[in-house]
Structures are given as C-alpha cells and as structure tokens.
Protein chains: 2
Amino acid sequence: MVTRPPRLTDVAKAAGVSTATASMALNGTGGNRIGSETRDRVLAAAAALGYRPNTVARGLRTRRTQMIGFVGDNVATTPFAGQMIRGAHDAAREAGFLLLMIDTTGDPEETGEAIAALQERQIDGILLATMYHQAIDVPKEIKSTPVVLLDCSADGTVSSVVPDERGGTLGVLAELAAAGHRRIGHVTTAEDVEARHIRLAAWREHVTAYGLDAGDLLAESPEARTHDGYEAAMRLLGRPERPTAIFCFNDRMAMGVYRAAAERGLSIPGDLSVVSYDDQELIAPELAPGLTSAALPHYEMGSWAVKELLRRLDEPDAEPVQHLMPCPTARRQSVAAPR
Amino acid sequence: MVTRPPRLTDVAKAAGVSTATASMALNGTGGNRIGSETRDRVLAAAAALGYRPNTVARGLRTRRTQMIGFVGDNVATTPFAGQMIRGAHDAAREAGFLLLMIDTTGDPEETGEAIAALQERQIDGILLATMYHQAIDVPKEIKSTPVVLLDCSADGTVSSVVPDERGGTLGVLAELAAAGHRRIGHVTTAEDVEARHIRLAAWREHVTAYGLDAGDLLAESPEARTHDGYEAAMRLLGRPERPTAIFCFNDRMAMGVYRAAAERGLSIPGDLSVVSYDDQELIAPELAPGLTSAALPHYEMGSWAVKELLRRLDEPDAEPVQHLMPCPTARRQSVAAPR
DNA sequence: TCCAATCGGTCAATCGATTAACTAAGTCCG
DNA sequence: CGGACTTAGTTAATCGATTGACCGATTGGA
C-alpha cells in the first residue's frame, strides 16, 4: 500500500482542529491565539503522523523558499575554494536554508542563464562567487533579487566580501622581518588579477621602506603554476646579490621555488626562507619543510556572505557593506633567521 | 515602480486566450489541441513580457521540482572529489535539473536529517555520495524517493556506481610490467576502507603470479598521508632486496615515497619507478617527475549517477544497476625500465 | 439529413500550505 | 445591564501554475 505523506489537513483532522489552527500551532504564529492545550494536541498529532510540511506549497504562499542560489565560476568543482561553499553551506543550514548550486565557466551569458534558472525557482537570494579575488560587473539579470558577492567586488551598490590581501601580505612579510630578513624577493605571476596587484603593491611598500630597489628583488612568470614559480626563482636566485627570503604569490609557485632552491643547493629555511599566500591544504602543510603562508579565509567569507544575505532579506534597505576578511598567517617551518 | 514578474495570466491576457491554452502552448502539451497560429501568439506574448514560469507553483501542481538532492560526506567541500559534483551538476543541468546540496560529516543521524530536509523540499531524487569508495547502509528515511549511490554501494536494492579499483590497479601495474618490472612493492594504509582492500588484493594477485612473496614487498602505515607514505617507503627501501618499483595506495602517499627515494639517494624513475592511484590534480602532475597514476573517474561517476537517477524517475520499476566505472591510467614520467 | 468524431479551445478543480477577516463565547467594568 | 475587549478558534481567499472535464462549431460517413 502506497501511503502518501501526511498533509496539514491530516494533522488538523487528527487533532480535531482546522488547518488554520494547525498551521499556527506548528509555526508558532498568530501570537497567543492558540491555547497551549490545543497546541500540544496539534504538535502531538504532527509527531505521531510524522508530518513534514511541504515547503513547495508553503513557498508558493509565502514567496519564501528558504533556498539560496550559489553561482560560482568553477568554484564548486575545483579543489581551491571549496571551503567557501562549506562556509556558506553551514551558515545557511544553521538558519534553515539550503544552497541551490550552479557552477559556470565564468562566461557572462552563462552566468545570466544561471541566475535566471535560479530566479525561476524563486530562491530568496543569490551568492555570486568567483574563484579568485577580482572585480566584476553585477549581471543585470539580478534586479530585485538580493545578492552578495563572494571573493569579488563591484560598484558598491551590493554587499561583498573579499580577502584582505594587503593585510595578509604584510602579515607574512612581518614574519620574515621579525626573523631578521631585509632582502625579501617576490616571485609572482603576470596575470592581471586583483590578488597579484595588491600583494605586489604591499610587498613593494615593505621592501622600499628599507630603501631597497624592488626591481632587483622581483621575478615574474606568465602564469602562477609550479613551473612558473620554479623558473622565476631560478632567475631570482641567479642574481649577484640574492635575496635571503622569498615571498611567493601563491603556494603553487612556492612549490616551484622549493624545487629551484634544492637545485641551487640552498636549504630551506637555513639558506633561504620562504613564505607564500593561499595556505592550500594539499600543499602548504605537505611540503618539507612546512610552508608558512597567509591563509585565504574561504570558509569565513562564505559564512559571512550568507549572514549578510540573510540580513538583507530582513532589511532590504540596509546599506551595502564591503567587507575585508583578514588573512591570518599559518606559521610553519619555512622561516628562519638569515645566515 | 515595482513591477512584479509576469504570470501566466498576464501572458494569456496579452495573447487573448485562457491560461489553460497559454499553459499548453508554452509547454507543448495537450497534443494538437492548440492551433499553430494561437501557439505563435502565445509564444510571442510570453517573449514580449519576458515571462518565466514560477516553478514553485508548477512544482506544487505537478509534484516535480526538477531538483535533485545531493547528499555527501564532506564531498562538496574537500578538494578531493569535487569533480563528482561537477559531473552530477553538468548532467543535471543538461536535463533541466538543479542540484540542492547538503554536506554532512558522515554521521548517520545527520545524513537522515539532510535527507528529510531535502524531501521537505520535494526534490525528485537523491544522490548519496561518499568521499571514498565504501559500503554503506541506505538510510531508511529514503523510502519512496528514488536514490542512486555515488562512490559507495549497498545491498543491491538501489543503483550505485563505484570506481573499478581492480581494473585501475591492474592498469598501472601493467604499465610497470611493460617496462620490465617484476619486484613491485606496495605502500598502503592500514585503514579499513574498500579501496585499500581491492587495490591490495589486485596487487597481491599480480606479484604472486610471478611467484614472488607479497609479504616481502608490502609496507603499511596507519593512515594514508604523505608522512605515512614516507615512513612505509623508508622501511621498504631499507630491506635487503629492494623493489625496483613501488605501487602506492594513493598520490599523497606517493609524495612521501618520492621524498624517501630522494633521501635514500634513489632517482625516479632511473633507480625506482613509482605508480599510484587517484590522479589528484594538485599532486600527480605537479610532482617532479610527473606521477603515473590510475585516475578516479569522479566526473564520470557523477554524471552517470544523475543519468541513472533520471532514468529511474521515468521507469521506477527498472532493475537497479551496480556500475563499475573504469579508472584510466594517467601516464607521466615516473616509470622507466629497471636498472 | 442526422449522428458521431474531430478540432480548438475554455472552465474550474487542484496541488498544500498561509493568513486576513470573521465569529462566538466569555470577561470586565462603569 | 450593556458595550468593549479578549480569547480561541474557523472560514475562505490566495499563491501561480497544470489538467481533467466539458463545449460549440465543423466535418465526414452512412
């Protein structure tokens, strides 16, 4: 016998009340219109029947689906920023929301379609996430739907959260400075991304404060892969007056720097200290010696974004907030005093 | 002026027909009851108004939400199996479905709650995924909801897809055999997971076929992290008659094996060939030399699972299928002929 | 010529909740 | 005693689509 799941009507009938009463009793709405004895009867009936509200029906009536759309460019599916989803997921679930996820290639048209698909499903709000910190245009498809940007920022008309790249950079550089380093090199990518610019600028500021020529200490490669890091480091370590420490654009490049150091016969951290950015879980702690790295607070950003979104659902007219999330330094063994 | 999105009524009015007609025209339902001229008028009106159906209302009526629940234990949020989601996501989207994701810690009670939360939302089916290939009990909460297991298997009453670990193992071992290796060691974990058992058994079968004693060639560590691989390899390479090649339980352990080889003064692949399992994108291609590894077909499994689920939505009485997905060998530079 | 089938639609019930408007009974107080 | 409140509910409209039942006008066959 196929029994369909119980409806509110069934609960109401079992408790001997109207569906209106049952609804109010279960949801605690309607102020004090429901007697406590009646409420108990309804609750008991619901429990006995194993009643679970049909949120589709509820959503139709209330225009709230308790679902948040998560649109990301390769965020969900690449190893890098998964913690962003985890953070969003946890914060959402805590508030009784679920994440409806769409991953895109980053193509604006595709993003637009994704947003439309989510809006058809009447999601309550949208999280727009990118894989790397960057500036974007908010798609015009989002008109009335509340939105929060994750790891990207726009024109200031919507809330957003991005990592505090400058703070993170100064953090790991301070680590080196505290160990006594002055000649700190930088190995970076030539790609035109926000992260590169900010990290580079913060590093430049730091070294020029010591009166050093940043040009002597900078090495750049076309991309940010292991091999690019290797190449840049080989060049940097081949210069007449080599740096005593290197700050890498990210952990992947740092892996290449480790390789280059080994090839040049330099031990880390004895001959060369290395710090980096991203604190990727599959790299930074796994390298030997463990890599000191500024952590991208993916989890915290995801969580913050959901909370901000929920806040805006309650107060649609609140001022948009541009949030900078701190990047704490993950200390490991790749830093020591220079020889 | 806040204009609410157009409803079917608006389209019908604009086209001068009833909502019934408009609905049928837009959905192509009702056979040939709609004249082609009328249909065009409706379509034009819908396009002009920018009409998008409210899928919540539709879902209430049709009992189909075009959403699939994805329940995973840390799957979504760890770097490892993200491609599983990607595969499921793409296959779902192609069929007009979206993924409603819940990540759990693997705790059965939590999983039960996750399933209930999804069922409340009237998802059409559920994908139950685990991070590593393992046997599970299908939660009893899933009664009437169609379900497909991803990277895990159960009692055969539901469809499932898991990697063909045996085939994958034999694949990389064949690679070594073709290069001329006989004494092939195995570095593995002591954890009680399906993957360990199958890979170990396939390896044992392979080496005993040469009349070798598997015990001489096996080294085990408590877990499967880099350091565990390092320790096991150090022991294995310290034995009197060391293997000419090592098959590692996974890429993480292989990283440790690389380190051990370097420490013992053995070059890869000159003195020692190494093959592994998982083909993790942040490890296998990034090591030097690139690591030959049996790839876990996460994407394909995710995609297969969704297709199977959709099939079962159409034919609920179809026989459940237990699918083995092949693990192709990713060839790199870590294999050469023995000295 | 007349009945039945076909064509091209419309009407109204329905999915399962929420909630504004209403009601009936009891209470309070001048 | 009577009007105003309070208490504890009920009735019925509503959200926006889908779809079974129905209907009037043609067409076709006997």
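Quick note on labels: first sequence line is chain A, next is B, and so on, each numbered from 1.
- Inspection of the A:Asn27 and A:Thr29 side chains reveals no N or O donor paired with an N or O acceptor under 3.5 Å.
- Using five terminal pairs a side, the axes of the helix from C:dT1-D:dA30 to C:dG30-D:dC1 at its two ends make an angle of 60°, given in steps of 10 degrees.
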Please output the side-chain donor-acceptor pairs of residues 33-51 of chain A that fall under 3.5 Å, not counting sequence neighbours, one pair per line with the distance.
unit_1, atom_1, unit_2, atom_2, d
A:Arg41, NE, A:Ala15, O, 3.1
A:Arg41, NH2, A:Ala15, O, 3.2

Output side-chain donor-acceptor pairs under 3.5 Å for residues 85-100 of chain B, partner residues at least two apart or in another chain, one line each.
unit_1, atom_1, unit_2, atom_2, d
B:Arg86, NH2, A:Asn74, OD1, 2.6
B:His89, NE2, A:Asp103, N, 2.8
B:Asp90, OD2, B:Tyr299, OH, 2.6

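- Between A:Thr19 and A:Lys13, every side-chain heavy-atom pair lies at or beyond the 4.5 Å cut-off.
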Let me check something: any side-chain donor-acceptor pairs from residues 127-138 of chain A under 3.5 Å, sequence neighbours excluded? List them with distances.
unit_1, atom_1, unit_2, atom_2, d
A:Thr130, OG1, A:Tyr132, O, 3.1
A:Thr130, OG1, A:Asp151, O, 2.9
A:His133, ND1, A:Glu165, OE2, 2.9
A:Gln134, NE2, A:Tyr132, O, 3.0

- Task: For each nucleotide in nucleotides 9-16 of chain D, reading 5' to 3', give B when a protein heavy atom comes within less than 4.0 Å of its base, S when such contact involves only the sugar-phosphate, and - otherwise.
- Result: BBB-BBBB

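- In this model, no donor atom of one side chain and acceptor atom of the other lie less than 3.5 Å apart for B:Gln122 and B:Thr65.
- Within the structure, salt bridge (Lys or Arg N to Asp or Glu O under 4.0 Å) pairs that include any residue of residues 298-311 of chain B comprise B:Glu308-B:Arg311, B:Glu308-B:Arg312, B:Arg311-B:Glu315 (at least two apart or interchain).
- In this structure, OG1 on B:Thr157 lies 11.0 Å from CD on B:Glu319, to the nearest 0.5 angstrom.
- Spacing between atom CZ of B:Arg64 and atom P of D:dT19 amounts to 11 Å, rounded to whole angstrom units.
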